[in-house]
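Since the structure comes first, as structure tokens, the remarks are kept for the end.
Please read all numbers here as calculations on a predicted model, not as lab measurements. A note on names: the letters A, B, ... follow the listed sequences, proteins ahead of strands, and every chain is numbered from 1.
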2 protein chains.
Amino acid sequence: MADEKLTLDEIAEKAGVSRTTASRVINNRPHVRPELRQRVMRVVEATGYRLNPVARSLAMQRSEIMGLVIPRSTHAFFEDPYFPILIQSIAKTCNYYDYTLALFLFESEADEEQLYPRISRQGLLDGIILQVGEIKDSLTARLMQEDFPVLVIGRPKDVPDVSYLDVDNVAGARKAVAHLFATGHQRVATITGALTTTAGIDRLAGYHQVLQERDCPSDPAFIVEGNFTREGGYQVMQQLLPHQPDAVFIASDTMALGALDAISEAGLHVPEDIAIVGFDDLVPAFQATPPLTTIKQPISQFGRKAVELLLDIIARGPYPPRHILMDTELVVRESCGAHLAPPG
Amino acid sequence: MADEKLTLDEIAEKAGVSRTTASRVINNRPHVRPELRQRVMRVVEATGYRLNPVARSLAMQRSEIMGLVIPRSTHAFFEDPYFPILIQSIAKTCNYYDYTLALFLFESEADEEQLYPRISRQGLLDGIILQVGEIKDSLTARLMQEDFPVLVIGRPKDVPDVSYLDVDNVAGARKAVAHLFATGHQRVATITGALTTTAGIDRLAGYHQVLQERDCPSDPAFIVEGNFTREGGYQVMQQLLPHQPDAVFIASDTMALGALDAISEAGLHVPEDIAIVGFDDLVPAFQATPPLTTIKQPISQFGRKAVELLLDIIARGPYPPRHILMDTELVVRESCGAHLAPPG
DNA sequence: GAAAGATTTGGAAGCGCTTCCAAGTCCAGG
DNA sequence: CCTGGACTTGGAAGCGCTTCCAAATCTTTC
């Protein structure tokens with residue numbers, strides 16, 4: 001197992017062929033006589049030779065590395081299983097397509113500023129998957145301006161021609177709220193996500209839409225803003241309680257957990273006194289007591305799709321921009337009281 | 001903002017200097033007259049030029065990319081906040097040292113086999129941080145054999161001369177178990193982690209040590225093997241219950257959550273009927289009811305230290321091997337009943 | 001059996017950067 | 001005014017690979 005740093009030249013020499021031919025064999029390209037191919041293969045195996053990927057990248061002008069950029073990751077990253085699942089599915093898909101995944105987590109705008117050159121520097125990365133949560137986002141526009149292959153996860157605002165992939169948050173929220181009405185609830189409130197995020201805004205929009213369609217005046221007291229954390233859910237649920245909603249659509253399961261705490265602390269029961277529908281359908285959702293009715297996001301498919309879209313953009317250019325909204329699914333468990341309504 | 005792909009040559013030409021000089025300026029190296037330095041700088045700024053990192057890597061034989069390899073990530077990766085925190089701290093530290101982080105998540109041995117060339121290929125990665133959980137681990141030895149700079153997180157078995165960083169699991173477990181005895185418990189059981197992991201084994205070893213030192217015969221019925229999941233904790237706690245332990249050291253907080261479920265389902269109370277100490281001190285620990293007494297791992301410092309050690313290995317070679325065990329800390333909350341014992 | 005075509009081969013020019021080394025410039029000291 | 005030493009500068013040789021292109025070889029086909 002000699003592991004001296006071998007080069008293509010040396011392999012070629014040992015096999016008695018030119019470097020060009022050796023290159024052809026190793027990259028499994030045509031135009032090589034079977035006999036020569038064999039000879040080269042044998043040398044490669046005997047020596048344990050592997051191409052130097054950096055040299056290859058330089059010559060091909062393609063690195064087969066893609067970046068995953070997650071800005072402002074700070075708290076959400078810990079508490080919410082969303083990111084681990086997303087990262088895992090992206091990593092897995094990269095493996096599949098023989099791409100290497102470079103991960104960039106930014107915590108502050110200062111980080112973003114300082115590290116921008118690292119990600120945009122042409123050469124290292126063939127493209128970038130950008131997780132955009134916050135509505136205020138400068139990265140996307142900057143990268144687009146540099147003609148950098150970018151796929152945004154989330155729904156970027158005010159950036160023309162950017163390709164993106166998002167969950168259909170509006171439709172998902174509609175399903176949740178409609179279900180609450182369908183199960184006989186009248187006073188349906190909502191705990192929104194942070195309204196600095198598009199997910200927060202869109203899920204609220206879905207809530208509004210359903211109310212409007214039912215000619216149900218929306219009571220401002222029934223709309224409180226959370227921040228996607230459990231603690232936040234706990235606190236704003238307490239604000240909501242005095243107004244006596246009989247159902248609440250909560251824009252994330254994590255917040256729903258906090259809300260559950262607040263409700264039981266107030267001596268009320270879910271779903272008898274207050275019905276709840278969450279959003280996400282991550283592990284905590286079915287481990288909660290009672291198990292949460294929620295809107296399921298296809299996060300893993302999401303990661304896969306993101307990688308595939310980016311590869312497509314890398315291969316075929318950014319036009320036309322791709323816009324994909326993925327469907328969600330209502331998962332009925334106990335917290336919405338659906339099993340109470342039609343008892344037989 | 002011209003963003004045509006510029007090269008160093010073009011910058012040099014525009015500034016009227018040689019490529020060598022331009023390189024010196026851009027890399028902030030000495031031996032350039034201030035005037036020329038300025039001139040080059042100006043051109044760089046005007047054109048928005050950035051070095052091509054791939055070409056640089058090839059010339060320098062160093063990529064400033066490090067790999068983080070997490071094998072067999074499947075379930076643990078979702079359920080346990082350990083990995084997100086670790087990854088985040090590693091990413092952050094990489095940012096700080098101007099390194100790029102490449103993430104490799106392997107799910108199966110097949111993945112490992114297939115992707116091994118990708119990580120070991122000399123050139124792309126300057127070094128690798130390898131998370132080794134399972135006791136059976138072939139990656140470490142292979143990489144060491146190739147003289148690849150490696151730092152292992154965890155405690156590798158039977159690989160000579162490998163540098164590693166681990167939590168002192170034995171000492172941590174000892175603290176936990178000792179605390180349980182110190183608070184007056186007699187029948188102390190343990191739910192171990194998967195005994196295919198070194199963490200599982202070491203934490204059990206700590207349990208044994210304390211029992212032995214107290215001349216306490218260890219009852220096999222008091223030792224049940226979990227698998228680090230909540231569901232697993234739930235199940236094995238049910239096995240434990242009939243033997244009526246008055247305290248349990250549980251090798252992870254996640255499992256402790258499951259155990260808590262089992263205990264309350266059996267109509268018993270924590271800590272009155274059964275005291276519990278967990279391990280990890282992640283978010284779920286203090287959100288549990290009752291809040292978990294647990295052993296705190298310094299995961300973030302861990303990530304930082306790992307990166308720094310690897311950089312040191314890259315810079316100064318693998319000898320002598322570095323071995324670091326990080327201290328843990330007992331965090332006393334309610335689940336151990338410490339607050340009950342000395343009531344005034 | 002020769003011309004036309006298809007296939008195989010390798011020479012050489014990059015890809016964009018670093019760095020060794022020799023040549024050139026500048027200044028102080030004698 | 002000349003010499004030696006310190007600092008600047010740029011030419012040129014890589015780093016290890018891909019790929020264009022021309023030359024060489026092998027098949028067909030009439």
## Note on the structure
Note: B:P318 and B:S163 closest approach over all heavy atoms is O-OG, 4.2 Å

### Message
Is it the case that atom CE in A:M60 sees more than 12 heavy atoms from other parts of the structure closer than 6.0 Å?
### Response
yes

### Query
Residues in ring-ring contact (aromatic ring centres under 6.0 Å, His included) with B:Y82, at least two apart?
none

### Query
Under the side-chain hydrogen bond (donor to acceptor under 3.5 Å, both in side chains) criterion, do B:E64 and B:Y97 qualify, and how do the steps go?
CA-CA 9 Å; B:E64 308 200 315; B:Y97 286 105; over 6 Å; no

### Task
Answer yes or no on whether B:R142 is positioned over the face of B:Y116, meaning its NZ or CZ is under 6.0 Å from the six-membered ring centre and within 45° of the axis.
yes

### Message
What's the angle between the local helix axes at either end of the helix from C:dG1-D:dC30 to C:dG30-D:dC1, using five pairs per end and rounding to 10 degrees?
### Response
40°

### Task
Decide if atom CD of B:E13 counts as having more than 12 heavy atoms of other residues, nucleotides or ligands within a radius under 6.0 Å.
no

### Presence of B:S23 side-chain N/O under 4.0 Å of C:dT18 phosphate oxygens OP1/OP2
yes

### Query
What one-letter contact string describes nucleotides 11-16 of chain D from 5' to 3', where B marks a base within less than 4.0 Å of any protein heavy atom, S marks contact via sugar-phosphate atoms alone, and - marks no contact?
BB-BBB

#### Entry: Integer-rounded Å distance: D:dC7 P and B:L36 CG
17 Å

### Query
Could you give the distance from CD (A:E308) to OH (A:Y96), rounded to the nearest 0.5 Å?
8.5 Å

### Task
Specify the closest pair of heavy atoms between B:L325 and B:V167, including all atoms of both residues, with the distance to one decimal.
CD2-O, 4.0 Å

### Task
For B:F302, enumerate each residue passing the ring-ring contact (aromatic ring centres under 6.0 Å, His included) test, keeping only those at least two apart in sequence or located in another chain.
none

### Task
Report the residues that fulfil side chain to side chain donor-acceptor pair (under 3.5 Å) with B:S138, sequence neighbours left out, ordered by chain and then residue number.
none

### Query
Does A:T21 make a side-chain N or O approach to OP1 or OP2 of C:dG10 shorter than 4.0 Å?
yes

### Protein-nucleotide distance (A:I11, atom CD1; D:dT18, atom P), rounded to Å
13 Å

### Task
Give, ordered by number, those residues of residues 25-33 of chain A having at least one heavy-atom distance below 4.0 Å to an atom of DNA chain C; if nothing qualifies, reply none.
A:H31, A:V32, A:R33

